[in-house]
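Working notes, structure below.
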Amino acid sequence: MAACGRALGLGRGLGRGLCSAPGRRLMLGSDPAVLERVSRDVELREEFVSPEEEAALLRELEPSLKRLRYQREHWDQAIHGYRETERSRWGEESEAILQRVRDAAFLPGAEQLSMVHVLDLEKEGFIRAHVDSVKFCGDTIAGLCLLSAGVMRLVSEEDKINYVDLLLQRRCLYILRGTARYTFSHQILADKESFFAGERVPRDRRISVICRNLPSSAG
C-alpha cells in the first residue's frame with residue numbers, strides 16, 4: 001500500500017494551508033493576502049495513491065461508468081461533459097484507500113456522508129464556478145484526482161477579482177475546508193484554459209472520487 005502522500009506547504013492543525021513545496025508551487029493567488037487567507041483551509045497531497053491503487057479504483061469504477069452517457073449540462077448548470085454516480089459499497093482494496101482519504105480529511109468522530117461521489121469529466125468537460133450546497137454536505141470536501149492533472153480555481157464570492165489556482169496533479173488528494181468551502185467558489189478549468197503559472201496543464205479525461213461530511217445541522 002502506498003504511503004499517504006506528501007503534504008505540501010505551510011499549515012497548522014490537520015496540515016491545513018498546504019500550498020507549496022521546495023522548488024515548486026502548487027497554489028498561486030491573485031495577491032498574497034488572498035493566498036494566505038485561502039491557504040489556511042486548503043490541503044494538497046501529491047501521489048496520495050500509487051499507480052497500482054489508481055488502477056484498482058478504476059477497475060472497480062469503469063464497469064458502472066461505461067453504462068452511463070456523458071451529459072452536456074448538469075441540473076444546476078455547473079458541469080459540462082460529465083457522468084457521475086454515487087456508491088456506498090466498495091471492494092476491500094478500494095475501501096482501504098477511501099479510509100485513508102477519510103482519515104486525512106476529517107476529524108475523528110466526524111459524521112460523514114455514506115455515499116461517495118464519483119465524477120467523470122470527459123477531455124472536453126469542465127466544471128463552472130459554484131459553491132456546493134450546504135444542504136447536502138458539510139464544511140469539508142476531499143477529492144482524489146484520477147487519470148489526469150487539472151487546475152482548480154477558487155474565486156472569492158465577495159470580490160470576483162480575487163482568486164487562487166490549485167495545481168491538481170494526477171493521483172493527488174485535495175481537501176477544501178472552511179473559507180475555501182463557503183466563501184470561495186470552485187471550478188475545474190476547461191482544457192483550452194488549463195494553465196498554471198503560465199504553463200500549460202494538459203487535460204484529459206478526469207475522474208474525481210469525493211468524500212464529504214454531513215452538514216452540522218444533520219441528525
Side-chain angles (χ1 to χ4, degrees), residues 2-9 18-30 34-35 38-39 42-62 64-66 68-74 77-85 97 101 117-130 132 141-155 163-176 180 184-211:
C4 285
R6 191 158 37 111
L8 304 174
L18 305 179
C19 59
S20 64
R24 177 168 57 168
R25 294 186 65 82
L26 299 178
M27 182 185 296
L28 297 172
S30 54
V34 172
L35 182 59
V38 172
S39 67
V42 173
E43 182 172 350
L44 299 176
R45 297 193 180 194
E46 290 186 295
E47 295 293 336
F48 189 83
V49 295
S50 68
E52 294 76 19
E53 289 172 322
E54 178 188 48
L57 287 166
L58 293 172
R59 282 195 300 270
E60 186 156 356
L61 291 171
E62 289 286 23
S64 58
L65 288 173
K66 286 179 178 178
L68 304 173
R69 292 184 178 181
Y70 284 108
Q71 304 295 313
R72 300 277 76 81
E73 294 295 341
H74 195 251
Q77 307 301 309
I79 315 176
H80 176 86
Y82 75 100
R83 50 192 181 185
E84 64 182 341
T85 187
I97 296 167
V101 172
H117 185 204
V118 179
L119 179 61
D120 180 352
L121 278 183
E122 62 184 346
K123 178 178 173 59
E124 294 79 18
F126 54 88
I127 302 177
R128 297 184 179 94
H130 69 287
D132 293 326
I141 302 169
L144 284 174
C145 304
L146 308 180
L147 289 179
S148 174
V151 177
M152 176 181 284
R153 175 163 293 168
L154 308 178
V155 179
Y163 70 91
V164 171
D165 283 348
L166 311 179
L167 177 59
L168 303 182
Q169 301 280 22
R170 181 176 178 176
R171 295 188 297 275
C172 81
L173 173 70
Y174 70 85
I175 303 171
L176 306 181
F184 282 71
S185 65
H186 60 277
Q187 60 186 292
I188 296 294
L189 301 184
D191 181 56
K192 64 182 180 181
E193 301 169 345
S194 189
F195 289 83
F196 183 83
E199 295 188 7
R200 184 90 165 88
V201 180
R203 267 276 322 280
D204 210 321
R205 179 189 174 207
R206 177 179 178 274
I207 294 177
S208 299
V209 180
I210 304 166
C211 296

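Below, all heavy atoms of this structure are taken into account, side chains as well, without hydrogens, waters or symmetry copies.
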Task: Straight-line distance of Asp165 CG to Ser30 OG, nearest 0.5 Å - done: 9.0 Å

- [ ] Using modelled atom types only, decide if a donor and an acceptor are shared between the side chain of His80 and the backbone of Ile127 within a distance under 3.5 Å.
- [x] no

Task: Rounded distance [0.5 Å steps], CG in Leu154 versus CG in Leu176 - done: 6.0 Å

Open item on the list: Taking the side chain as everything from C-beta on, heavy atoms only, tell me whether Arg205 gets closer than 4.5 Å to Leu121.
Closed with: no

Task: SG-CD distance between Cys172 and Glu46, expressed to the nearest 0.5 angstrom - done: 8.0 Å

- [ ] Kindly indicate whether the side chain of Val164, heavy atoms from C-beta on, has any atom under 4.5 Å from the side chain of Val42.
- [x] no

Open item on the list: Please determine whether side-chain contact (heavy atoms from CB on, under 4.5 Å) holds for the pair Val118 and Leu61, giving the CA-CA distance in whole Å, both sets of side-chain angles, and the decisive distance to 0.1 Å.
Closed with: CA-CA 9 Å; Val118 179; Leu61 291 171; 3.8 Å; yes

TODO: Taking all heavy atoms of Leu28 and all of Leu35, pick out the closest pair and write down the distance.
DONE: C-CD1, 4.2 Å

TODO: Taking the side chain as every heavy atom from C-beta outward, state whether Arg206 and Ser208 have any atom pair closer than 4.5 Å.
DONE: yes

Open item on the list: Evaluate Phe184 against Val34 for side-chain contact (heavy atoms from CB on, under 4.5 Å), listing each step before the verdict.
Closed with: CA-CA 11 Å; Phe184 282 71; Val34 172; 4.1 Å; yes

Task: Min side-chain heavy-atom separation Glu43-Arg45 under 4.5 Å - done: yes

TODO: Quick one: which residue pairs count as a salt bridge (charged side-chain N to carboxylate O under 4.0 Å, His left out) with a foot in residues 192-204, not counting sequence neighbours?
DONE: Asp191-Arg200

Task: Interatomic spacing from CG in Leu166 to CG in Leu26 - rounded to 0.5 Å - done: 9.0 Å

Open item on the list: Does this structure show an ion pair linking Glu84 with Arg69, if we count only N-O contacts that are shorter than 4.0 Å?
Closed with: no

Task: Approximate separation, where rounding is to 0.5 Å, of Cys145 SG and Phe48 CZ - done: 11.5 Å

Task: Heavy-atom side-chain contact between Leu168 and Val151 under 4.5 Å - done: no

- [ ] Begin with the C-alpha distance, continue with both residues' side-chain angles, and end with the deciding distance and a verdict on side-chain contact (heavy atoms from CB on, under 4.5 Å) for Leu65 and Tyr70.
- [x] CA-CA 9 Å; Leu65 288 173; Tyr70 284 108; over 6 Å; no

- [ ] Indicate yes or no for a side-chain donor-acceptor contact from Glu53 to the backbone of Ser50 under 3.5 Å, with no hydrogens or angles considered.
- [x] yes

Task: Heavy-atom pair of closest approach, residues Glu54 and Leu147 - done: OE2-N, 2.9 Å

Open item on the list: I want to check something: taking the side chain as every heavy atom from C-beta on, are Leu68 and Asp120 in contact at a cut-off of under 4.5 Å?
Closed with: no

- [ ] State, to 0.1 Å, how close Leu167 and Phe196 come at their nearest heavy-atom pair, and which atoms those are.
- [x] N-CE1, 3.7 Å

Open item on the list: We want to know whether Arg83 and Thr85 form a side-chain donor-acceptor pair, criterion being a heavy-atom distance below 3.5 angstrom.
Closed with: no

- [ ] Would you please name every residue forming a side-chain contact (heavy atoms from CB on, under 4.5 Å) with Gln187, sequence neighbours left out?
- [x] Ala129, Arg153, Val155, Leu189

TODO: Check side-chain contact (heavy atoms from CB on, under 4.5 Å) between Arg59 and all other residues, then give those that pass, not counting sequence neighbours.
DONE: Ala55, Ala56, Glu93

Open item on the list: I'd like to know whether Glu122 forms a side-chain contact (heavy atoms from CB on, under 4.5 Å) with Tyr82, so could you lay out the CA-CA distance, the side-chain angles of the two residues, the decisive distance to 0.1 Å, and finally the verdict.
Closed with: CA-CA 6 Å; Glu122 62 184 346; Tyr82 75 100; over 6 Å; no

TODO: Look at Glu47 together with Arg171 and state whether they make a salt bridge at an N to O cut-off of under 4.0 Å.
DONE: yes

TODO: Measure the CG-OH distance between Leu144 and Tyr174 for me, rounded to the nearest 0.5 Å.
DONE: 9.0 Å

- [ ] Considering non-hydrogen atoms only, spot the tightest contact between Ile175 and Ala142 and give its length.
- [x] CG1-CB, 4.1 Å

